[in-house]
Amino acid sequence: MAKRFLCSRKPSLKFGFASFDLLKDFLIDLNTGNKQNLDSLSDQSGIFKQKRLVEYIFLITKELRLDPLVGYHAIELLQRFMVKHLADLLTAPAPPVAAADQPKNLEDAVCDELRDKFPLIVFTCVQLASKMSTHCRMIDSGTALLFLQSVGYSVSKQTLLESELMVLKGLEFRLNVPNPLVYIEILLEVLGHNEPSIPVERLHHLCHHVLQFITLERTAIYDSLLMATVQCVSPSGEQREKFVTVTEDCMLLGVAIIAVAAFILHVKKWQQVIGELSHITGISQRSIRDFAHVTLEHIVKLKP
């Protein structure tokens with residue numbers, strides 16, 4: 001069935017060919033965006049990054065032969081849109097209805113409204129992410145309708161366009177959001193420039209697998225990292241609230257993933273890689289090691 005939804009590919013940007021000046025600008029821009037994101041986190045940060053939902057997005061991108069970057073971008077778009085959309089629904093004045101039809105509470109009404117259209121919202125985020133990708137052409141309406149029909153979700157072209165416009169407005173047309181895969185690739189480029197002896201191209205391939213693992217096992221890994229950080233098996237609510245900035249820190253996630261990949265690929269260079277990553281980002285070596293250790297423990301634990 002995948003061949004029916006084949007997405008024509010654009011020429012790929014060659015990894016490792018960016019100039020140092022360009023990399024420097026990219027890194028500064030990523031760092032600025034990461035800090036701005038951490039300064040404006042919502043109480044609901046990460047709630048729409050649950051494993052089953054992430055798996056669903058990954059399966060859509062795989063079926064449509066999209067670049068992996070599209071999936072990670074779609075996850076971020078969905079998270080941001082749904083937080084804003086839910087807030088709008090919960091604060092909007094309720095329409096007048098008959099007493100017999102009055103729902104038990106506002107939350108029930110919101111759930112009823114979202115239940116049927118949520119799959120389309122998820123797909124719309126993937127479609128928008130594909131339009132932002134330099135590696136793959138956008139999902140056109142014909143492909144979108146065919147795919148949705150194949151999974152038992154038939155909609156009209158008009159409904160598809162309305163969903164896209166709704167998400168765009170909810171995001172205030174800001175689609176260029178932080179994406180962990182972008183952080184990894186830029187960090188690897190800078191790492192390779194600073195230390196040519198480090199096999200960044202081989203790390204690049206392995207980092208994709210590590211990122212996917214962490215994304216799918218996000219809850220378990222961050223829970224373990226929190227317990228290791230506070231030295232307590234039952235962190236308080238206040239400690240969990242403060243830890244949200246760690247779970248949403250794309251720069252920390254990026255260096256941790258590279259550190260894990262380096263440990264697996266070439267353990268003798270592990271400390272050198274951590275030192276370089278710390279120098280590039282300003283993140284302490286201890287923080288990088290702690291995150292890497294926790295992730296490696298989960299990889300070993302789940303290994304068949």
Side-chain angles (χ1 to χ4, degrees), residues 1-18 26 30 33-34 46 48-81 122-140 143-144 147 151 175-192 199-218 221 248-262 264-265 295 298-299 302:
M1 183 170 66
K3 292 182 179 179
R4 295 166 55 200
F5 311 116
L6 181 62
C7 180
S8 301
R9 297 181 66 83
K10 296 178 181 177
S12 297
L13 298 177
K14 190 71 174 179
F15 177 78
F17 276 67
F26 279 155
L30 287 178
N34 191 52
F48 290 98
K49 295 181 181 180
Q50 298 174 12
K51 184 173 182 176
R52 289 185 64 185
L53 186 52
V54 168
E55 285 178 331
Y56 182 52
I57 291 174
F58 284 166
L59 287 172
I60 293 174
T61 57
K62 182 179 180 180
E63 186 68 23
L64 292 172
R65 302 285 185 87
L66 299 172
D67 190 274
L69 183 66
V70 173
Y72 294 107
H73 198 163
I75 292 169
E76 299 299 329
L77 293 180
L78 179 65
Q79 169 65 38
R80 288 166 180 259
F81 169 74
V122 175
F123 182 83
T124 297
C125 289
V126 175
Q127 188 173 16
L128 288 173
S130 77
K131 295 182 179 182
M132 295 293 291
S133 174
T134 59
H135 299 280
C136 184
R137 292 178 184 174
M138 66 180 182
I139 305 171
D140 59 47
T143 301
F147 174 80
V151 295
L175 302 183
N176 191 21
V177 298
N179 183 311
L181 189 52
V182 173
Y183 280 78
I184 291 169
E185 294 189 338
I186 297 301
L187 287 168
L188 280 173
E189 293 258 19
V190 176
L191 182 64
V200 292
E201 289 193 0
R202 295 174 66 191
L203 284 175
H204 178 259
H205 176 73
L206 187 53
C207 281
H208 278 257
H209 296 287
V210 178
L211 173 58
Q212 185 179 71
F213 177 81
I214 292 180
T215 304
L216 290 171
E217 300 297 327
R218 169 188 170 89
I221 289 174
E248 299 302 314
D249 191 334
C250 286
M251 193 69 80
L252 174 61
L253 177 60
V255 294
I257 287 170
I258 296 172
V260 170
I264 296 171
L265 182 65
T295 303
H298 278 268
I299 291 174
L302 294 180

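One-based numbering along the sequence shown. Just so we're clear, the structure is a prediction, and the values are computed from it rather than from any experiment.
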message: Can you give me the closest heavy-atom contact between L252 and V255, atom names plus distance?
response: O-CG2, 3.1 Å
Nearest-0.5 Å distance that lies between atom CD1 in I214 and atom NE2 in H298: 10.0 Å
Rounded distance [0.5 Å steps], CG in L188 versus NE2 in H205: 13.0 Å
Residue pair H204 / E189, side-chain heavy-atom distance below 4.5 Å: no
- prompt: Are side-chain heavy atoms of I60 and F147 found at a separation under 4.5 Å?
  reply: yes
- request: Salt-bridge test for R218 and E55: reply yes if a basic N is under 4.0 Å from a carboxylate O, no otherwise.
  value: no
- prompt: Roughly how far, to the nearest 0.5 Å, is OG of S130 from CG of L64?
  reply: 8.5 Å
Distance-minimising heavy-atom pair for E76 and V177: CB-CG2, 3.6 Å
- request: State which residues pass side chain to side chain contact (heavy atoms under 4.5 Å, CB included) with A129; sequence neighbours excluded, sorted by chain then number.
  value: V70, H73, A74, L77
- request: Going by the side-chain contact (heavy atoms from CB on, under 4.5 Å) test, name the single residue among L265, I184, L181 that passes it with C207.
  value: I184
Validation row: I139, L66 side chains within 4.5 angstrom (heavy atoms): yes
- request: Tell me, with the steps shown, if V260 and I299 meet side chain to side chain contact (heavy atoms under 4.5 Å, CB included).
  value: CA-CA 10 Å; V260 170; I299 291 174; 4.0 Å; yes
message: Going by the rule ring pair (Phe, Tyr, Trp, His ring centres under 6.0 Å), which residues pair with F58 if we only count those two or more places apart in sequence or in a different chain?
response: Y72
query: Looking only at heavy atoms, what is the nearest atom pair of G33 and Y183, with distance?
result: C-OH, 4.2 Å
- prompt: Sequence neighbours excluded, which residues qualify as side chain to side chain contact (heavy atoms under 4.5 Å, CB included) partners of Q79?
  reply: I47, F48, K49, V83
Point-to-point distance, once rounded to the nearest 0.5 Å, from CG of L53 to CG of L78: 5.5 Å
task: Look up atom CG in L69 and atom CG in N179, then write down how far apart they are to the nearest 0.5 Å.
output: 5.0 Å
statement: Scanning both residues in full, the closest heavy-atom pair of L211 with P180 reads CD1-CB, 4.0 Å
statement: In this structure, CD1 of I221 is separated from CG of L216 (nearest 0.5 Å) by 9.0 Å
